[in-house]
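Notes for the one structure printed next.
Naming: A, B, ... by sequence-line order, numbering from 1 per chain. Since the model is a prediction, treat every value here as computed from it, not as a measurement.
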Number of protein chains: 2
Amino acid sequence: MYNVSEINYYWTEIYYHLHLPHKEKITHQVIRILQHIEKNNGIGIGEVATYLNVSHNTASENVKRIIQKGYLQKQRDLSDERKVILCLTDTGKDVLYRNTSLDEEKLKKVLNQFSSKDRQMIEQGFRTLSEGVKKCM
Amino acid sequence: MYNVSEINYYWTEIYYHLHLPHKEKITHQVIRILQHIEKNNGIGIGEVATYLNVSHNTASENVKRIIQKGYLQKQRDLSDERKVILCLTDTGKDVLYRNTSLDEEKLKKVLNQFSSKDRQMIEQGFRTLSEGVKKCM
DNA sequence: AGATTATATCTATATATACGATACATATTA
DNA sequence: TAATATGTATCGTATATATAGATATAATCT
């Protein structure tokens, strides 16, 4: 018997202690948009609207503001020039990283405490779960 | 040799696919406040201000709005009645949960794919890392 | 009593989010 | 080719949020 609540507790503890410092003011919507674009190719305004469950004009305006901040870039789809294709700028990747990832310096420090066997187990656990997630979802 | 970037990649993949649906409009500041209060006891306005690096009045107003939404509760510290002690309401716990944890239904589904040996390895990996983090940070 | 501390409130400003209505350019179809 | 559909952009408007400075209040300490 395994306990998913327990895993969730570990999950939040790890993030609480290892997240990066939050520099920029940013909302969840913006992070969701950045992450959705980063994790999928060829995302346009329409897909953003559907994903966030907001109207097209809201998505368009939200994306415009994110472009103004320099986090996103626009291209036109060559096969259908009505469509926009969005991708992250380097700044956008950096912002997304700082708001969703673990601080690698802290993580290194923590991992250094462990035996190499334990480290391997941790890494293997994450890898296995991540790969299982992609197969299943 | 272990690779922290790889762990980070797994980390974001897992969260992207397993996070709960985002119902409420919420900012990062609010989640940071809720999480900081949940992970520590006896937090007041002053500590919130220090933690977020904002002025005391900003922290006070922010907390006031969060209380209005029903996510936080106030008590006075019995030993020093100037001080406020903040704690999460049930709604607040629920909101924090939905914005920082993994969807337990999805997680169960993913874990069910694995052998019990793999499941144990994953759980053990999280536990070990979580405990290591608390020792180290 | 006076100073310090912790919090609260008032005012003002900037920004984010959202939607409806409308416009426009590019496909697609009859 | 004319009519329609599709994808996006913009305008006007409304609301919520975040922030700070100035000031106030209440409890505590010296």
Terminal helix-axis angle for the helix from C:dA1-D:dT30 to C:dA30-D:dT1, with five pairs defining each axis and rounding to 10 degrees: 20°

Separation of atom NE2 in A:H28 from atom C1' in D:dA16, rounded to whole Å: 17 Å

Between P of C:dT17 and CD of A:Q29, the distance in whole Å: 7 Å

First encountered from the 5' end of DNA chain D, between A:G44 and B:D77: A:G44

Under-3.5 Å donor-acceptor pair between A:R82 side chain and D:dT6 base: yes

Sub-6.0 Å ring centroid separation between A:F126 and B:F126: yes

Protein-nucleotide distance (A:L52, atom CG; C:dC19, atom P), rounded to Å: 10 Å

Sugar-phosphate only, base, or nothing, as touched by B:V63 at under 4.0 Å among non-hydrogen atoms: nothing

Between C:dA18 (P) and B:E24 (CD): distance, integer Å: 13 Å

Residues B:N40 and A:Y16: side-chain donor-acceptor under 3.5 angstrom: yes

Rounded distance (Å) that lies between atom C1' of D:dG7 and atom CG of A:L86: 12 Å

No-hydrogen, no-angle side-chain donor-acceptor test under 3.5 Å, B:Q29 and B:N62: no

A:K25 side chain near D:dT17 phosphate (N/O to OP1/OP2, under 4.0 Å): no

Whichever of A:V54 and A:L78 has its nearest DNA chain C nucleotide further upstream toward 5': A:V54

Value in whole Å for how far the C1' atom of D:dA18 lies from CD1 of B:I31: 15 Å

Presence of B:Q68 side-chain N/O under 4.0 Å of D:dA16 phosphate oxygens OP1/OP2: no

A:K83 side chain near C:dA27 phosphate (N/O to OP1/OP2, under 4.0 Å): no

For atom CZ of A:R65 and atom C1' of C:dC19, their distance in whole Å: 13 Å

Polar side-chain contact B:N57-D:dG21 base: donor and acceptor under 3.5 Å: yes

Donor-acceptor side-chain pairing of A:Q68 and A:R65 below 3.5 angstrom: no

Nearest-angstrom distance from the residue atom NZ of B:K64 to C1' of C:dC10: 9 Å

Phosphate OP1/OP2 of D:dT8 contacted by A:S60 side-chain N/O (<4.0 Å): no

Nearest-nucleotide 5' precedence on DNA chain C, A:E81 against A:N62: A:N62

D:dT19 phosphate, OP1 or OP2, under 4.0 Å from B:T58 side-chain N/O: no

Straight-line distance of A:T12 OG1 to B:Q35 CD, nearest 0.5 Å: 6.5 Å

Derivation of the side-chain hydrogen bond (donor to acceptor under 3.5 Å, both in side chains) call for A:D118 and A:Q113: CA-CA 10 Å; A:D118 274 356; A:Q113 304 178 101; over 6 Å; no

Closest non-hydrogen atom pair, B:G125 against A:I122: O-CG1, 3.6 Å

B:Y97 and B:E104: side chain donor to acceptor below 3.5 Å: yes

Distance-only donor-acceptor test, B:E61 side-chain atoms vs D:dA20 base atoms, 3.5 Å: yes

Side-chain N or O of B:T27 closer than 4.0 Å to phosphate OP1/OP2 of D:dA18: yes

